[in-house]
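Note that the structure is predicted; figures quoted are calculated from it, not measured. As a basis for the values below, the full set of heavy atoms in this structure was taken, side chains included, without hydrogen atoms, waters or symmetry mates. Proteins get letters first, then strands, A, B, ... in listed order; numbering begins at 1 in each.
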There are 2 protein chains.
Amino acid sequence: MKGKATSFDIAHHAGVSQSTVSRALRNSPLVNEETRKRVHDIAKQLNYKVDKNASNLRTQQSSTLALLLFEDPTSDESQINPFFLSMLGSITRACAKEGYDLLVSFQSASADWQADYEDSHRADGIILLGYGDYIDFQPKFKTLLDQNTKFVCWGATVDNRPDLTVCCDNYGGGKLAARHLIAHSRTDCAFIGDASDHSPEFFARFEGFKDELLANNVTINERKMANAISTEESGYHATRSLIANNIKFNALFAASDLIAIGAIRALKEANIKVPTDVAVVGFDNIAIASYINPPLTTIAQDTTIAGQMLVENLLKLIREEEVQSTLLPPALIARGSS
Amino acid sequence: MKGKATSFDIAHHAGVSQSTVSRALRNSPLVNEETRKRVHDIAKQLNYKVDKNASNLRTQQSSTLALLLFEDPTSDESQINPFFLSMLGSITRACAKEGYDLLVSFQSASADWQADYEDSHRADGIILLGYGDYIDFQPKFKTLLDQNTKFVCWGATVDNRPDLTVCCDNYGGGKLAARHLIAHSRTDCAFIGDASDHSPEFFARFEGFKDELLANNVTINERKMANAISTEESGYHATRSLIANNIKFNALFAASDLIAIGAIRALKEANIKVPTDVAVVGFDNIAIASYINPPLTTIAQDTTIAGQMLVENLLKLIREEEVQSTLLPPALIARGSS
DNA sequence: TTGCATTATGACACCGGTGTCAGGATTAGA
DNA sequence: TCTAATCCTGACACCGGTGTCATAATGCAA
């Protein structure tokens, strides 16, 4: 047989109308049990599969979600932040569980991506993932909202719409890091990351960290802070510059694990011992964290639950159900670096 | 305006027929330049996007590829082999470059996945990725071939159809590893991996390794081989069992980096020094490899090119063009573990 | 037997584009 | 001026399903 079987072929074989075939295959209660069975058998025999394009066109939905992954434009083309890859894994699984397909696309944060998928009926909703420069995002969020596009976002908050965001309690995570360092009497802290509002996640981590230190009568010196985006390279250079400026500290909180790993490399290079001289705490608990030397103490985000929540919340939005704002609890994982 | 704009809306605004709108938007040479421009302007203004379902239904194609990622069923649910994640990244990029979307799905190797995407017209072709038990795959490959489904496969060879496979020269990679160890006078070698035909990739790596040793008059003792699947955990246990059986060796070739990382953990635990007592070489060059202690010597596969080749070859198959069998050159990356 | 509800099915319009064909308008050539 | 070629456009069938409506067949009560 050339070409794929259609429902008409089945109808012909079963001696019923195409309408009945369609109903039978979707297990409509309107169709007689015996007919239903016969149609199913023939469908299997002919290796028939419903044409999704036809079905989606008619029903005006797609059983597909789109995942847009934004990369830091400055980061190396070939490498993706392992944290997001881990999220991708859990999102894929969550989609499969809900019977949705997942379209994946990597975008640079600046590109003109808005709603391309949803407008063209490729996907019923969009998941946005990435540590981007969220300032750029706000106008795009507005466009999405205006077009009534269904989307959820990891990390970044959308104006007045906390229900569209799923993220880790970054502020609480920062506090955990501070409490841990204080408990180990390391109060002369450095911070590597971006403490501006361009990276709201990093900013919240810093704020939590700072506030918890303050609550313990410790202040963090601005000179002991250095900017970095979430790459190993960037963490390395930021730390080197602190060292080069002869800035001293006995603890270092990095806004992400990749930064922390770069920082440790810089410290080692300068013959500063981790954790003896400087205790290091990261954020994310990526897989690499436990394998480096020394193993990295970090604040873990549960990517499995995060992925599930993103998908669940998005589906609720699509079904026009109420969605709660979702803040996931972080957890300290103490390892050798502190 | 409620609902999305359709080509009829544009036709109405532009005062032309819907046919003309369709032609204009696809830049058909049949339509007058001025009309074309007017239609484009109105389309942009109305934020019109072609309905992919309708267009795909009519043209019987989808501009979409599907990526099926098979996981070792025994591996931890939450963690995906970083090597495949890296491939995923490059495949995504390659698809984007070619103007194709990518549907991603994780499957267990045993599931009944065959051609679901392609049959239902969700995707024009399928990329199969995974270290699975390829014995199970052969009958499924046959089904795919019978149905004239377009697919390419990473690693596993499909009977008599080398053009459907893209993979690294695993045999050559094994040779590289052996040559490297011999050059460092480490000839008492252990091998951890699966040297059966269930894992053709691992098998080829082992064969290359063994043959190169033989060419240098070194044989590998069967007792110094242990089975492992590609997880850290599995590598750890396999190595522990060798140690527990009091088997001695001064070099270890692991069929993958994850196995090597597990092996190093087991060696360290047994107070065996890497590389002083045992030199370790892995395979894949995953990101973690360079960060562990000591940094892992490994055989690198270029995932960027691999992803590109998979996509390019698949597109050629779809367009019914000739495809060459593709074997990618491996490269030795010498680091501290050897 | 008549009347009405229930069940199972077929006919048909429809989703929103694309491709084909026919035909009007314009221009070139004779 | 007439014919032919070229250019541009509209009408319409079509892709393969889904949802609605009409209807035939059956069952049950009056």
Side-chain angles (χ1 to χ4, degrees), chain A residues 1-40 42-43 46-64 116-124, chain B residues 1-40 42-43 46-64 116-124:
Chain A
M1 142 137 44
K2 77 236 138 153
K4 310 256 186 263
T6 73
S7 51
F8 281 95
D9 298 328
I10 298 182
H12 185 250
H13 280 255
V16 294
S17 75
Q18 182 271 338
S19 300
T20 304
V21 171
S22 173
R23 278 190 287 257
L25 290 175
R26 281 173 299 134
N27 296 319
S28 157
L30 289 176
V31 44
N32 181 288
E33 177 59 23
E34 192 205 335
T35 315
R36 197 187 68 75
K37 220 164 181 174
R38 193 166 76 249
V39 168
H40 272 272
I42 295 173
L46 296 184
N47 209 338
Y48 168 83
K49 293 276 153 50
V50 174
D51 185 312
K52 288 282 186 183
N53 289 318
S55 141
N56 290 342
L57 172 59
R58 182 64 229 249
T59 57
Q60 298 290 42
Q61 38 135 339
S62 63
S63 307
T64 302
D116 219 19
Y117 288 98
E118 205 259 358
D119 277 354
S120 60
H121 286 281
R122 313 251 9 196
D124 297 335
Chain B
M1 140 136 46
K2 53 174 195 215
K4 310 259 185 260
T6 72
S7 51
F8 281 95
D9 298 328
I10 298 182
H12 185 250
H13 279 257
V16 294
S17 75
Q18 181 271 338
S19 301
T20 303
V21 171
S22 173
R23 278 190 287 258
L25 290 176
R26 281 172 302 135
N27 297 318
S28 157
L30 289 176
V31 44
N32 181 288
E33 177 60 22
E34 192 205 334
T35 317
R36 198 187 66 75
K37 221 166 182 172
R38 194 166 75 250
V39 169
H40 272 273
I42 295 174
L46 296 184
N47 208 338
Y48 169 82
K49 293 277 153 52
V50 174
D51 185 311
K52 287 284 184 184
N53 289 318
S55 144
N56 291 342
L57 172 59
R58 181 63 228 246
T59 57
Q60 298 290 44
Q61 40 138 338
S62 63
S63 307
T64 301
D116 219 19
Y117 288 98
E118 204 261 357
D119 277 354
S120 60
H121 287 281
R122 312 247 15 189
D124 297 335

* Asked: Is it true that A:Glu34 and A:Lys37 have a side-chain N and a carboxylate O under 4.0 angstrom from each other?
  -> no
Roughly, in whole Å, what's the span from [atom1] in [X] to [atom2] in [N]?
X	N	atom1	atom2	value
B:Asn32	D:dT6	CG	C1'	13 Å
A:Lys52	C:dC15	NZ	C1'	16 Å
B:Ile10	D:dT9	CD1	C1'	17 Å
A:Leu57	D:dG16	CG	P	12 Å
B:Lys49	C:dG17	NZ	P	13 Å
B:Gln60	C:dT18	CD	P	14 Å
A:His121	D:dG17	NE2	P	20 Å
A:Phe8	D:dG17	CZ	P	8 Å

State whether [X] places a side-chain N or O below 4.0 Å from either non-bridging phosphate oxygen (OP1 or OP2) of [N].
X	N	value
B:Ser7	C:dG17	yes
A:Ser22	D:dG17	no
A:Arg58	C:dG16	no
B:Gln18	D:dA11	no
A:Thr20	C:dG10	yes
B:Ser55	C:dG17	no
A:Thr35	C:dT9	yes

* Are any of the side-chain heavy atoms of A:Asn56 and A:Gln61 separated by less than 4.5 Å? -> no
* Asked: Does B:Arg26 or A:Val16 map to a spot on DNA chain C nearer the 5' end, using the closest nucleotide for each?
  -> A:Val16
* What nucleotide, of D:dG17, C:dG17, D:dT9, holds the atom closest to the side chain of B:Tyr48? -> C:dG17
* Asked: Taking the side chain from B:His121 and the backbone from B:Ser62, do they hold a donor-acceptor pair closer than 3.5 Å?
  -> no
* To do: Kindly say whether A:Lys52 contributes a backbone atom to a donor-acceptor pair with the side chain of B:Arg122 at under 3.5 angstrom?
  => no
* To do: Using a heavy-atom cut-off of under 4.0 Å over every strand shown, decide if A:Ser19 touches base, sugar-phosphate, or nothing.
  => base
* Asked: Contact class for B:Arg23 (heavy atom, under 4.0 Å): base, sugar-phosphate, or nothing?
  -> base
* Step by step, work out the side chain to side chain donor-acceptor pair (under 3.5 Å) result for A:Ser19 and A:Arg23. => CA-CA 6 Å; A:Ser19 300; A:Arg23 278 190 287 257; 4.7 Å; no
